[in-house]
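Data first, discussion second: the structure below is written as structure tokens.
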Amino acid sequence: MRKIFAMLLAAVLCLSLAACGGNGGEQEVTVDAAAMFGALQNEVTYPDTATTLDSSMAGVLLGGELPEGTEAYLAANDSAYLRCAVFVCQDAEAAKTAAAVVQRYIDDSIDAKYNPDEVALLQKATVHTNGRYVAVAVTDDADGVDKVIAKYFG
């Protein structure tokens, strides 16, 4: 009886030590953001052409402040509607904030309802986060976006 009790106690101790260690099963993800952005531009179909913008234009285009230190890769069409973007933030918390800025841009643009075709695309927009990275694509090509996201975010 003592041996069984000792074995159970040892097992509980091992499990409790394992639960205290690590980072909750999450591994730090490293993504080649420039390559992912290129894949979103070239492997996904958009209804119009998109021009790569300087990262300093991210806040202006999105109408909100991105977290300090955020690196942005983004493209917009000739009417200045977001087509795709990848953001590299300092940490996962900053990525959540960046994703919220992007989602607010999408929601506000849908609410404006000034261009029905653009609203239809924005309603299909996909915003993905993984660790300190955020990726977004505004397109009908959900399969193309899913393939790129799976390739880079796993």
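For Lys124, the side-chain hydrogen bond (donor to acceptor under 3.5 Å, both in side chains) partners two or more places apart in sequence, or in a different chain, are Asp140. Applying the side-chain hydrogen bond (donor to acceptor under 3.5 Å, both in side chains) rule to Asp54 yields the partners Ser56; only residues at least two apart in sequence or on another chain are considered. Residues satisfying the side-chain hydrogen bond (donor to acceptor under 3.5 Å, both in side chains) criterion with Gln103, sequence neighbours excluded, are Asp107.
For residues 76-86, every residue pair satisfying the salt bridge (charged side-chain N to carboxylate O under 4.0 Å, His left out) rule, not counting sequence neighbours, is listed here: Asp48-Arg83, Arg83-Glu118. Annotation: salt bridge (charged side-chain N to carboxylate O under 4.0 Å, His left out) contacts involving residues 144-154, sequence neighbours excluded, comprise Glu43-Lys151. Residue pairs meeting the salt bridge (charged side-chain N to carboxylate O under 4.0 Å, His left out) criterion with at least one member in residues 59-72: none, sequence neighbours excluded.
Summarising the geometry, atom OG1 belonging to Thr51 is positioned 8.0 Å from atom CG belonging to Asn77; distances are rounded to the nearest 0.5 Å. Taking CG of Leu122 as the reference point, atom CG of Asp108 lies at 10.5 Å (rounded to 0.5 Å). Atom OG1 of Thr52 and atom CE of Met57 lie 13.0 Å apart (nearest 0.5 Å). Taken from CD1 in Ile149 to CG in Asn130, the straight-line distance is 9.0 Å, to the nearest 0.5 Å. To the nearest 0.5 angstrom, Phe87 atom CZ is 12.5 Å from Thr97 atom OG1. Going from atom OH of Tyr73 over to atom CG of Leu53 covers 14.5 Å, rounded to the nearest 0.5 Å.
The side-chain heavy atoms of Leu74 and Cys84, taken from C-beta on, include no pair separated by under 4.5 Å. Under the 4.5 Å side-chain criterion, counting only non-hydrogen atoms from C-beta, Gln123 is in contact with Ile110.
Between Ser55 and Ala72 the shortest heavy-atom distance is CB-O, 3.0 Å. Counting all heavy atoms, side chain and backbone alike, Val102 lies closest to Val127 at CG1-CG2, 3.8 Å. Between Ala137 and Val145 the shortest heavy-atom distance is CB-CG2, 3.6 Å. For the pair Thr129 and Ala99, the tightest heavy-atom approach, listed with the atom from each and the gap, is CG2-CB, 3.6 Å. The shortest heavy-atom contact between Ala95 and Gly131 is CB-O, 3.4 Å. The shortest heavy-atom contact between Leu121 and Pro47 is CD1-CG, 3.4 Å.
In this structure a side-chain-to-backbone donor-acceptor pair under 3.5 Å is present from Thr139 to Asp141. Checking side-chain atoms of Ser109 against main-chain N and O of Tyr105 turns up a donor-acceptor pair under 3.5 Å.
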side-chain contact (heavy atoms from CB on, under 4.5 Å) between Leu40 and Tyr46, intermediate numbers included: CA-CA 10 Å; Leu40 283 172; Tyr46 297 93; 4.1 Å; yes
CA sep, side-chain torsions, deciding dist, call: Phe153, Met36, side-chain contact (heavy atoms from CB on, under 4.5 Å): CA-CA 9 Å; Phe153 281 179; Met36 183 178 192; 3.7 Å; yes
Worked verdict on Val136 versus Thr126 for side-chain contact (heavy atoms from CB on, under 4.5 Å): CA-CA 5 Å; Val136 61; Thr126 53; 5.8 Å; no
CA sep, side-chain torsions, deciding dist, call: Val86, Val134, side-chain contact (heavy atoms from CB on, under 4.5 Å): CA-CA 6 Å; Val86 176; Val134 178; over 6 Å; no
